[in-house]
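All remarks here apply to the structure that follows.
For the numbers below, each heavy atom of this structure counts, side chains included, while hydrogens, waters and symmetry mates do not. Counting starts at 1 for both ligands and their atoms, in listed order. Being a predicted model, the structure only gives us computed values, none of them experimental.
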Amino acid sequence: MQVRRLGPQIGAEIHGIDVKTLDDASFAAIYRAWLDYNVVVVLGQELEIEDFLRYSRRFGFVSPHPSKMTRHAAYPEITVLGVDKFGADGALNMAIYRRGAEGWHTDGAYDQDPFKATQLYALAVPSTGGDTLFASMYAAYEALPSALKHRLDGRVGAFTYGGRRKATALLNAEDREWTPVFHPIVRTHPETGRKALYFDPGKIVRIEGCDEGESDTLIDELSRYMIQPEGEYRHAWRKGDIVIWDNRCSYHKAAGDYPPEEDRIHWRVSIKEKGTP
Ligand SMILES: O=C(O)CCC(=O)C(=O)O
Ligand SMILES: [Fe+2]
C-alpha cells in the first residue's frame, strides 16, 4: 500500500489496496492518513453496496441522510447522487443536478451530532467537469487575524438544514421545519486536538450573542477566510474512486458544471461519531 500526498495541506491518495479485503493494520494506516490529510482517495475499487457499507462502517456509524427522496430504495443509509435529474416534463431538476454546488459547506451542521465524515463512491463520471473541491478548516482558522480569533472566543452559531435561505428542496414537505442546533465557531477536533473554523454560510442562521446586523456582518467576514489557497484540493473523479472527507476540519463543494445529459452518479454515506452499529 502506498500513500501519496495530493494538495499542500489536505488530500492523500491510497494505491495498491482492495477495501474488500483490507486488514486492520492497513485500515489503521488509511485512518491515520485521513486524520492527517482530511480527504482520502482510494482508487480503482469494484464494490457492491454491501462492500461499500462494510468499509464505511470501519470509520464510524453510518446514518441515513434527512433527504428521504434521494435515499436508495433498499438501503436507506445510502444516498444516491445524480439520479432522477430530469422531471416528467423533461426539465432539469437543479436541486439534484447542483446538489452540494451552491457554496462551500460542511455536511450535517444542522445536526446536534454533525457528520464526522462523508464518503462517496463513483459509479459513473461525466466526460468533463463534475469535480469536488475541498478546503482545510485548520488553514481557515490559522488565517484569521488575532483580533477576529479573540472576537470568536466562546462564540456559538445556530444552524439549521436550510440556513438563512431556507434551502430545503431535497426534503419532503413534512421534514422542512428545523429547530436550530448550536456549535462553537472555533471547534477543536476531537481526535487531532487542532483548532478549526467550523462554519457553514449556507446552514448558519445567526451567531449567538450579537444582534442580527452584527451577526450577518460577522458571517460575511468569516466567509472570506474559509478558503485559503494552500489549504485546497480539487478532486477530478474516476469511476471506482472512493473519497472520504472529515466534516470536522474541511469544507467542500461540488463544481456543479458537468454536461447535464451525462451521468454523474455516486453512492454516498454520512458517518457519525456516535450511534448504534
Ligand atoms: O457531489 C459532490 O461532488 C459533493 C456533493 C456534496 O456536497 C455532498 O455529497 O455532501
Ligand atoms: Fe456536502
Side-chain angles (χ1 to χ4, degrees), residues 6-7 10-11 38-42 52 56 59-60 62-72 75-85 92-111 114-137 159-163 165 167-171 183 198-204 226-227 232-260 262-272:
L6 293 169
I10 65 171
N38 316 158
V39 181
V40 162
V41 180
V42 182
F52 182 55
S56 297
F59 287 90
V62 171
S63 164
H65 190 275
S67 170
K68 292 176 185 153
M69 66 179 84
T70 57
R71 287 180 188 171
H72 189 286
Y75 294 90
E77 319 88 303
I78 300 274
T79 294
V80 189
L81 302 182
V83 300
D84 300 331
K85 269 187 309 201
L92 181 63
N93 179 334
M94 293 308 272
I96 291 180
Y97 172 67
R98 287 189 51 82
R99 184 175 190 159
E102 293 315 316
W104 289 96
H105 64 280
T106 173
D107 295 330
Y110 47 79
D111 206 315
F115 305 136
K116 168 186 188 178
T118 305
Q119 180 151 264
L120 264 52
Y121 174 63
L123 299 165
V125 297
S127 58
T128 175
D131 294 356
T132 309
L133 289 73
F134 297 94
S136 166
M137 284 185 190
F159 298 84
T160 62
Y161 180 97
R165 287 183 297 131
T168 53
L170 291 174
L171 298 181
H183 301 298
Y198 186 81
F199 180 66
D200 186 328
K203 297 189 194 90
I204 196 161
M226 287 172 75
I227 309 310
E232 284 194 84
Y233 166 65
R234 181 176 184 124
H235 187 66
W237 290 90
R238 294 142 301 196
K239 185 175 183 301
D241 280 357
I242 306 177
V243 176
I244 185 165
W245 61 87
D246 190 332
N247 286 302
R248 305 164 297 182
C249 58
S250 66
Y251 312 108
H252 63 279
K253 77 171 180 180
D257 62 349
Y258 66 98
E262 291 189 25
D263 276 341
R264 178 186 189 272
I265 299 174
H266 294 87
W267 288 332
R268 178 191 189 286
V269 287
S270 311
I271 301 171
K272 290 195 158 198

Atom 5 (C) of ligand 1 [closest protein heavy-atom partner, distance rounded to 0.1 Å]: Arg99 O, 3.9 Å

How close does the nearest protein non-hydrogen atom get to atom 1 (O) of ligand 1, and which residue and atom is it? Arg264 NH1, 2.9 Å

Is there a polar contact, in the sense of an N or O pair closer than 3.5 Å, between Arg268 and ligand 1? yes

Is there a polar contact between ligand 1 and His252, counting only N or O atoms under 3.5 Å apart? yes

State the atoms of ligand 1, each with its element, that fall below the 4.0 Å cut-off from a heavy-atom position in [X].
X	value
His105	7 (O)
Thr132	2 (C), 3 (O)
Asp107	10 (O)
Leu81	1 (O), 9 (O)
Trp245	8 (C), 10 (O)

Heavy-atom check, side chain of [X] versus side chain of [Y], under 4.5 Å:
X	Y	result
Tyr198	Pro114	yes
Tyr161	Lys203	no
Val62	Gln119	no
Met137	Tyr251	yes

Here the N/O/S atom of Asp107 closest to the Fe ion (ligand 2) would be OD1

Between CD1 of Ile244 and CD1 of Ile242, what distance do you get to the nearest 0.5 Å? 9.0 Å

I want to know whether Tyr258 and Tyr97 have ring centres closer than 6.0 Å. yes

Opening angle at the Fe ion (ligand 2) [NE2, His105; NE2, His252; to 10 degrees]: 90°

Between His235 and Tyr233, how do the two ring planes meet: parallel, tilted or perpendicular, split at 30° and 60°? tilted

Just by distance, no angles: are the side chains of Thr70 and Arg99 close enough, under 3.5 Å, to form a donor-acceptor pair? yes

